[in-house]
Amino acid sequence: MYAPAMDASAGFEFRAPTKVDLDGVAEVLLADQLADGVEPTIDAHFLRGVWSRPDFDLATDAWVVIDAGRTIVAYGQVGPWDGNGVWSWGVVHPEQRGRGIGSALLDRIEERALTMLAGLPSARFRHSINAADRAAAVMLSDRGLQPIRHYWHMQVDLESPVETGPTPDGIDIGGIEPPDDLRDIHGILVAAFAQDPGDHPAQFDKWLEESTASPSYDPTMWLLARDAGAPVGALTASAGDDVGWVEWVGIIDSHRGRGIASALLRRAFAAFAGRGLLRVRLNVDAENATGATGVYERVGMRVVNRWDLWERRG
């Protein structure tokens with residue numbers, strides 16, 4: 001399945017990161033995205049979310065690469081995905097590309113992935129890259145991975161105040177009361193993403209643990225849409241350092257096409273604007289079968305970054 005490549009990265013130190021490395025890693029992420037000519041969307045907020053996951057261990061599941069000047073020049077991570085595989089990702093500072101660091105980092109990622117995949121019925125190894133990073137695409141292809149999904153980061157720039165617009169007839173949109181409403185939100189998301197091949201929430205207990213353990217967990221930003229008291233739509237969101245993120249938005253099949261998703265999004269935009277944030281982002285499968293990308297475009301969002309998911313099955 002995997003044979004380590006020759007390590008051409010002599011002179012660089014590979015070690016597990018610690019929490020104090022967060023800003024240094026974030027600087028590498030910023031430089032990587034700027035070099036690829038995209039809007040930087042992966043930042044310290046993203047890292048804090050991953051590093052706080054209950055199933056992620058910084059000591060075994062991530063690496064930083066340090067140069068002779070003790071500066072972080074690369075980062076990689078691997079973690080469980082969907083109970084049936086692992087997902088990984090890594091970046092190298094553009095000034096250090098072409099020195100074998102990316103290949104050596106991927107060696108370590110794959111070695112850890114083999115341990116995590118042991119005993120699973122479907123050993124799926126997944127790795128994400130910026131869509132503009134052709135060198136990374138060649139490296140993954142040489143190791144037997146194939147691109148399987150394409151994703152967009154979409155963004156809307158806010159003007160304060162934001163008008164929420166009308167609410168669809170018969171629909172009530174409001175905040176939530178945790179913990180009572182959390183199971184309803186999870187149920188909506190499970191139903192809404194049941195046919196999605198790539199994105200769906202974990203089982204309730206794990207989803208709840210992951211959501212509430214995140215340092216950005218803020219249920220005051222979450223919304224429920226109800227029809228005659230019955231939950232029919234949900235949106236979860238969080239505020240990053242200087243940008244809002246919509247994490248999940250889902251509508252049950254029977255209520256799609258009525259403008260509920262747009263109403264939820266506009267309500268979330270208004271809440272973010274009220275906190276002084278100037279833009280909101282979300283992640284979406286570019287080939288989403290529910291027409292979600294069209295909904296996002298209609299509420300003013302545009303594509304600012306693209307990334308690809310590659311896979312190898314054992």
Side-chain angles (χ1 to χ4, degrees), residues 49 53-54 82-83 154 156 158 162-240 244-275 277 280-285 288-301:
R53 289 173 57 101
D82 196 30
M154 300 185 72
V156 62
L158 303 178
V162 173
E163 296 295 333
T164 59
T167 301
D169 290 343
I171 301 299
D172 176 65
I173 294 178
I176 72 162
E177 293 292 338
D180 296 345
D181 290 331
L182 296 181
R183 191 173 291 276
D184 284 338
I185 290 173
H186 180 262
I188 290 169
L189 297 178
V190 168
F193 289 88
Q195 303 305 317
D196 192 299
D199 295 308
H200 44 81
Q203 293 188 0
F204 178 72
D205 289 343
K206 183 177 181 181
W207 172 85
L208 181 64
E209 183 181 23
E210 291 176 353
S211 297
T212 57
S214 172
S216 61
Y217 171 63
D218 183 357
T220 67
M221 297 296 299
W222 293 23
L223 297 169
L224 261 178
R226 296 177 173 87
D227 183 353
V232 296
L235 179 147
T236 70
S238 64
W245 278 93
V246 173
E247 294 156 353
W248 294 92
V249 56
I251 311 298
I252 63 174
D253 286 350
S254 61
H255 282 67
R256 287 179 180 164
R258 294 177 55 179
I260 300 173
S262 296
L264 285 167
L265 288 163
R266 288 193 298 267
R267 188 73 63 91
F269 296 166
F272 283 125
R275 297 190 177 199
L277 299 179
V280 179
R281 295 177 183 144
L282 54 73
N283 181 63
V284 62
D285 185 337
N288 184 285
T290 66
T293 55
V295 173
Y296 303 147
E297 289 170 346
R298 288 193 290 275
V299 295
M301 307 194 84

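Just so it is clear, the model here is predicted, and its values are computed rather than measured.
Qualifying salt bridge (Lys or Arg N to Asp or Glu O under 4.0 Å) partners for D184, counting only residues two or more places apart in sequence or in other chains: none. Shown here are the salt bridge (Lys or Arg N to Asp or Glu O under 4.0 Å) partners of R258, two or more places apart in sequence or in another chain: D227. R298 pairs by the salt bridge (Lys or Arg N to Asp or Glu O under 4.0 Å) definition with nothing, not counting sequence neighbours. In this structure R183 satisfies the side chain to side chain donor-acceptor pair (under 3.5 Å) test with no other residue, sequence neighbours excluded.
Looking at every heavy atom in both residues, L224 comes nearest to A234 through CD2-CB, 4.1 Å. The nearest pair of heavy atoms linking V246 to F272 is CG2-CE1, 4.5 Å. The shortest heavy-atom contact between G175 and R226 is O-NH1, 4.2 Å. Minimum interatomic distance between I252 and P231 (heavy atoms only, all atoms of both residues): CD1-O, 4.4 Å. Taking all atoms of both residues into account, the shortest heavy-atom contact from A292 to V284 is CB-CG2, 4.3 Å. L158 and A273 get closest at one heavy-atom pair: CD1-N, 3.8 Å.
Taking OG1 of T236 as the start and CD1 of I188 as the end, the distance is 11.5 Å to the nearest 0.5 Å. The structure places CD of E297 at 5.5 Å from OG1 of T293, a figure rounded to the nearest 0.5 Å. Taking CD1 of I171 as the start and CD1 of I260 as the end, the distance is 4.0 Å to the nearest 0.5 Å. How far CD1 of I185 is from CZ of F204: 9.5 Å, rounded to the nearest 0.5 Å. Separating the CE atom in M301 from the CZ atom in R281 is a distance of 9.5 Å, to the nearest 0.5 Å. Atom CG of residue L235 and atom CE of residue M221 lie 8.5 Å apart, to the nearest 0.5 angstrom.
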Candidate pair Y296 and V249, rule side-chain contact (heavy atoms from CB on, under 4.5 Å), full reasoning: CA-CA 11 Å; Y296 303 147; V249 56; 3.2 Å; yes
Full working for side-chain contact (heavy atoms from CB on, under 4.5 Å) between R266 and V299: CA-CA 7 Å; R266 288 193 298 267; V299 295; 4.3 Å; yes
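T164 places no side-chain N or O within 3.5 Å of a backbone atom of R267 that could act as its donor or acceptor partner. The main-chain N or O of A237 is found under 3.5 Å from a side-chain atom of W222 such that the two form a donor-acceptor pair.
In this structure the side chain of V295 reaches within 4.5 angstrom of the side chain of L265, judged on heavy atoms.
For residues 167-177, no residue pair satisfies the salt bridge (charged side-chain N to carboxylate O under 4.0 Å, His left out) rule, not counting sequence neighbours.
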What side-chain donor-acceptor pairs closer than 3.5 Å can you find for residues 211-220, not counting sequence neighbours?
from, atom 1, to, atom 2, distance (Å)
S211, OG, W207, O, 2.8
T212, OG1, L208, O, 2.7
S214, OG, S216, N, 3.2
S214, OG, S216, OG, 2.9
D218, OD1, T220, N, 3.1
D218, OD1, T220, OG1, 2.5
D218, OD2, T220, OG1, 3.3
D218, OD2, R275, NH1, 2.8
D218, OD2, R275, NH2, 2.9
T220, OG1, R275, NH2, 2.9

